[in-house]
Amino acid sequence: MFKRMKEDIEVVFEQDPAARNSLEVILTYSGLHAIWAHRIAHSLFNRKLFFLARAISQISRFFTGIEIHPGAKIGRRFFIDHGMGVVIGETCEIGNNVTVFQGVTLGGTGKEKGKRHPTILDNALIATGAKVLGSITIGENSKIGAGSVVLRDVPPNSTVVGIPGRVVVQDGIRIDKEKDLNHCDLPDPISDRIKELEDEIEQLRIEFRNREGVQDNVHSHL
């Protein structure tokens with residue numbers, strides 16, 4: 001148990017350059033607190049102590065702002081950065097070395113029964129505000145861009161952006177014109193849509209001016 005806790009602390013130093021010392025990490029990192037509380041709750045859940053498990057998960061949610069259902073299966077070296085607003089559903093399965101940022105939802109799409117939450121394989125990164133919904137699989141070494149909504153399986157070694165999420169890079173090959181990016185500079189689908197609207201408005205302005213010019217020419221000949 002203490003070996004796993006030490007490993008969790010080491011991951012924080014690897015992933016977060018703001019981490020200064022172990023005491024600071026242990027006392028102030030809500031993502032770490034949520035993971036440790038989940039381990040206890042998950043152990044109780046597996047022993048069919050469902051109420052006690054859920055009570056611990058809800059207490060953890062109150063203090064950390066991170067909601068992890070005690071039934072979720074989480075691997076080693078899981079890192080939640082910042083964490084506020086993260087939601088992880090009951091049948092979610094998360095592999096090793098996975099990183100999740102604030103506002104991420106690993107949820108279902110409705111009231112379906114059975115396996116209804118995502119499976120996140122090893123070394124995946126889910127960026128800020130992304131929603132991964134349904135019984136789908138996010139492949140190994142894949143990145144889900146900030147604000148994306150993913151409703152379909154994602155192949156290994158892929159970068160996904162947009163609403164709905166689309167693969168723009170796979171196995172190092174650009175499927176779209178987007179470049180292979182890190183979390184800090186992944187494409188912003190909202191900004192992209194605003195740019196498209198601005199271009200459309202500019203095109204309408206040009207067409208309007210052209211029509212005004214035609215009408216002026218007509219009037220000048222009358």
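As a basis for the values below, the full set of heavy atoms in this structure was taken, side chains included, without hydrogen atoms, waters or symmetry mates. Predicted, not measured: the structure shown is a model, and the values here were computed from it.
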Please round to the nearest 0.5 Å and tell me the distance separating atom [atom1] of [X] and atom [atom2] of [Y].
| X | Y | atom1 | atom2 | answer |
| --- | --- | --- | --- | --- |
| Leu125 | Phe101 | CG | CZ | 5.0 Å |
| Arg61 | His38 | CZ | NE2 | 16.0 Å |
| Glu93 | Leu106 | CD | CG | 12.0 Å |
| Arg39 | Ile74 | CZ | CD1 | 8.5 Å |
| Glu7 | Arg4 | CD | CZ | 6.5 Å |
| Arg209 | Arg205 | CZ | CZ | 7.0 Å |

When clusters are formed by joining ILVMFWY residues with side-chain heavy atoms under 4.5 Å apart, either directly or through shared neighbours, do [X] and [Y] land in the same one?
| X | Y | answer |
| --- | --- | --- |
| Phe45 | Ile35 | no |
| Phe13 | Val11 | yes |
| Met5 | Ile40 | no |
| Leu151 | Ile163 | yes |
| Tyr29 | Ile9 | yes |

Would you call [X] and [Y] a side-chain contact if the rule is heavy atoms closer than 4.5 Å?
| X | Y | result |
| --- | --- | --- |
| Thr105 | Leu133 | yes |
| Val149 | Pro164 | no |
| Asp81 | Gln15 | no |

Under 3.5 Å, side chain of [X] to main-chain N/O of [Y], donor-acceptor pair present?
| X | Y | result |
| --- | --- | --- |
| Ser60 | Gln58 | no |
| Lys131 | Gly103 | yes |
| Thr64 | Ile66 | yes |
| Thr159 | Gly145 | no |

key: Verdict with supporting geometry, Val160 and Arg166, side chain to side chain contact (heavy atoms under 4.5 Å, CB included)   = CA-CA 5 Å; Val160 174; Arg166 67 191 188 280; 5.7 Å; no
message = Can you see whether Asn123 engages Asn141 through a side-chain donor-acceptor pair at a distance of less than 3.5 angstrom?
response = yes
ask   = Going by distance alone, is a donor N or O of one side chain under 3.5 Å from an acceptor N or O of the other, for Arg77 and Asn96?
value = no
If you compare all heavy atoms of [X] against all heavy atoms of [Y], which two are closest, and at what distance to 0.1 Å?
| X | Y | answer |
| --- | --- | --- |
| Arg20 | Glu24 | N-OE1, 2.9 Å |
| Asp122 | Gly95 | OD1-CA, 3.4 Å |
| Ile68 | Ser57 | O-CB, 3.5 Å |
| Ala124 | Gly139 | CB-O, 4.3 Å |
| Ala41 | Ile56 | CB-CG2, 4.1 Å |
| Ala19 | Val12 | CB-CG1, 4.1 Å |

Output side-chain donor-acceptor pairs under 3.5 Å for residues 83-91, partner residues at least two apart or in another chain, one line each.
{"unit_1": "Glu90", "atom_1": "OE1", "unit_2": "Arg116", "atom_2": "NH2", "d": "2.6"}
{"unit_1": "Thr91", "atom_1": "OG1", "unit_2": "Arg116", "atom_2": "N", "d": "3.0"}
{"unit_1": "Thr91", "atom_1": "OG1", "unit_2": "His117", "atom_2": "N", "d": "3.0"}
{"unit_1": "Thr91", "atom_1": "OG1", "unit_2": "His117", "atom_2": "ND1", "d": "2.8"}

key: Residue of the set Leu121, Ile144, Thr119 for which side chain to side chain contact (heavy atoms under 4.5 Å, CB included) holds with Ile138   = Ile144
Tell me, yes or no, whether the heavy-atom count around [X] atom [atom1], taken from other residues, nucleotides or ligands under 6.0 Å, exceeds 12.
| X | atom1 | result |
| --- | --- | --- |
| Phe50 | CZ | yes |
| Arg152 | CZ | no |
| Lys115 | NZ | yes |

request  = Measure up the Trp36 and His33 rings against each other and bin them: parallel (under 30°), tilted (30 to 60°), perpendicular (over 60°).
outcome  = tilted
key: side chain to side chain contact (heavy atoms under 4.5 Å, CB included) evaluation trace for Phe78 with Val100   = CA-CA 8 Å; Phe78 180 51; Val100 167; 3.7 Å; yes
